[in-house]
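Worksheet: the structure to be examined is printed underneath.
Because the structure is a prediction, the values reported are computed rather than measured.
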Amino acid sequence: MTRLRNVLLAVVSVAVLAGVAVGCNAQSSHEGAPAHETASDKAFGERVRTYLLSHPEVLEEAFERLQSKQEADKQALASGAIASHRQALEHDPRDPVLGNPNGTVTVVEFSDYRCPFCKAAEPEVEKLLAEQKDVRLVIKEFPIIDWEDQSHLSRDAACVVLATLPQGKYAAVHRAMLAQKAKLEDTVVNETLLGVGIDVAKARALASDKAIDAQLADTYKLAHELGVDGTPGFVVGDTLIAGAQMDALRTAIAAARTAAVKQR
């Protein structure tokens, strides 16, 4: 219903603009433009109005086509950007890798530990990695929810998680953080890290390292270049998948696997 409401609002806006245009035409008719043009515009507007009232489903169809076109346009732009940034996207040595580190199919996930959709997708992602042993999952820590609530919780969480990498337990940390339902304040994060055997003092000391700030800055820049503006965001081959669309992710992985076989 919200989607249809937005469409109706857009149509109303167009109608208002059309009314302004007709008013301008009417003014012009007094300056020599043929009066029948105004009458024709009015008649056409009435026919459109009558048709839309009789067939409101057309609005929904038009919106769906617009969405499809916008998605296709976004995908085309993303494909070019992905190709240009392949190395930074798939092979940045600073990024943690889950699944098979030598896998022939690389999936990149942009993730935020406070994102409810990332949390919901995590079990499905783990299932996918367990089933498909040739998948290499690169995690891009992408704390963006702070931008919505003007906090620093997502960024702080991302920094301390990246700071645990030297301790060799990233996979357990990543899963535990996404499973955490409490607000990610320092005490909650510390307890979560302790629960998977992390030396919290060491991680906290490293979390403020400028190298981690630089890594996050690079991820923000890369996401902007690719058009990734939400989490989770997945990249497989030249395909960008916005949101936790697991069927689309599996389809993209299958396509990438087929493409890799053909290139051998």
Side-chain angles (χ1 to χ4, degrees), residues 75 78 82 85-145 154 157-158 160-181 184 189 192-193 195-198 203 215-216 219 222-223 226 228 230-264:
Q75 193 63 249
I82 290 168
H85 297 84
R86 182 81 62 195
Q87 185 66 26
L89 186 64
E90 297 183 354
H91 300 287
D92 187 329
R94 300 172 297 179
D95 291 331
V97 177
L98 301 179
N100 181 355
N102 299 311
T104 55
V105 178
T106 296
V107 176
V108 180
E109 179 182 359
F110 289 80
S111 183
D112 183 318
Y113 290 113
R114 291 203 293 148
C115 169
F117 303 104
C118 296
K119 291 177 180 292
E122 172 58 14
E124 288 299 314
V125 172
E126 290 295 328
K127 181 180 177 183
L128 186 152
L129 292 177
E131 294 173 349
Q132 305 192 32
K133 301 296 185 180
D134 60 343
V135 174
R136 173 177 174 269
L137 177 63
V138 177
I139 301 295
K140 292 285 187 183
E141 301 291 359
F142 186 44
I144 60 170
I145 292 182
S154 287
V160 75
V161 167
L162 286 173
T164 69
L165 280 171
Q167 298 186 44
K169 298 179 180 179
Y170 177 82
V173 171
H174 182 73
R175 285 193 294 269
M177 289 290 286
L178 284 174
Q180 180 58 256
K181 293 180 172 57
L184 292 182
V189 172
T192 304
L193 299 183
V196 292
I198 291 295
Q215 182 176 351
L216 292 180
T219 298
L222 179 61
L226 300 181
V228 177
T231 53
F234 296 95
V235 178
V236 187
D238 292 330
T239 301
L240 171 63
I241 301 167
Q245 302 183 61
M246 298 310 297
D247 288 342
L249 178 58
R250 289 177 180 274
T251 298
I253 289 172
R257 184 178 294 119
T258 299
V261 170
K262 288 181 179 179
Q263 291 175 358
R264 290 173 187 169

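Residues that satisfy the side-chain hydrogen bond (donor to acceptor under 3.5 Å, both in side chains) test with Asn100, not counting sequence neighbours, are absent from this structure. In this view, Gln167 satisfies the side-chain hydrogen bond (donor to acceptor under 3.5 Å, both in side chains) rule with no residue, not counting sequence neighbours. Here Gln215 pairs with Arg94, Asp95, Leu162 under the side-chain contact (heavy atoms from CB on, under 4.5 Å) rule; sequence neighbours left out. Shown here are the side-chain hydrogen bond (donor to acceptor under 3.5 Å, both in side chains) partners of Thr106, two or more places apart in sequence or in another chain: Arg136. For the side-chain hydrogen bond (donor to acceptor under 3.5 Å, both in side chains) test, residues two or more places apart in sequence or in another chain that qualify with Glu141 are Tyr113, Tyr170. A search for salt bridge (Lys or Arg N to Asp or Glu O under 4.0 Å) contacts involving Glu124 returns nothing, not counting sequence neighbours.
With Arg86 contributing its side chain and Gly237 its backbone, the two residues share a donor-acceptor pair below 3.5 Å. A donor-acceptor pair is defined here as one N or O able to donate and one able to accept, closer than 3.5 Å; such a pair exists between the side chain of Lys119 and the backbone of Met177. Under the 3.5 Å distance criterion, the side-chain polar atoms of Lys169 are left unmatched by any main-chain donor or acceptor of Leu193. With hydrogens and angles disregarded, a donor-acceptor distance shorter than 3.5 Å links the side chain of Asp112 to the backbone of Ile145.
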Give the intermediate values and the outcome of side-chain contact (heavy atoms from CB on, under 4.5 Å) for residues His91 and Val138.
CA-CA 8 Å; His91 300 287; Val138 177; over 6 Å; no

Kindly indicate, with the supporting measurements, whether the criterion side-chain contact (heavy atoms from CB on, under 4.5 Å) is fulfilled by Phe234 and Thr239.
CA-CA 8 Å; Phe234 296 95; Thr239 301; over 6 Å; no

Audit row: Leu98, Val125, side-chain contact (heavy atoms from CB on, under 4.5 Å) steps and yes/no:
CA-CA 10 Å; Leu98 301 179; Val125 172; over 6 Å; no

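Taking every heavy atom of both residues into account, Pro96 and Leu165 meet most closely at CB-CD2, 3.8 Å. Nearest heavy atoms, Phe142 versus Gly230: CE2-O, 4.2 Å. Between Val108 and Leu89, the closest heavy-atom pair is CG2-O, 3.5 Å. Heavy atoms only, all atoms of each residue included: Ala203 and Thr164 are closest at CB-CG2, 4.0 Å. Of all heavy-atom pairs between Glu109 and Pro232, the closest is OE2-CB, 3.8 Å. Considering every non-hydrogen atom in both Ala252 and Val236, the closest pair reads O-CG1, 3.6 Å.
Note: Leu249 CG to Ile241 CD1 = 5.0 Å, rounded to the nearest 0.5 Å. Note that the OG1 atom of Thr219 and the CZ atom of Phe110 stand 7.0 Å from one another [nearest 0.5 Å]. Remark: Cys118 SG to Ile139 CD1 distance equals 9.0 Å, nearest 0.5 Å. Atom CD of Glu90 sits about 9.0 Å away from atom CD1 of Ile82, to the nearest 0.5 Å. Atoms CG and CZ, from Leu178 and Arg114 in turn, are 13.0 Å apart once rounded to the nearest 0.5 Å. Between the NZ atom of Lys127 and the CZ atom of Arg250 there is a distance of 6.0 Å, given to the nearest 0.5 Å.
Annotation: side chain of Leu128 is not in contact with side chain of Leu137 (no heavy-atom distance under 4.5 Å).
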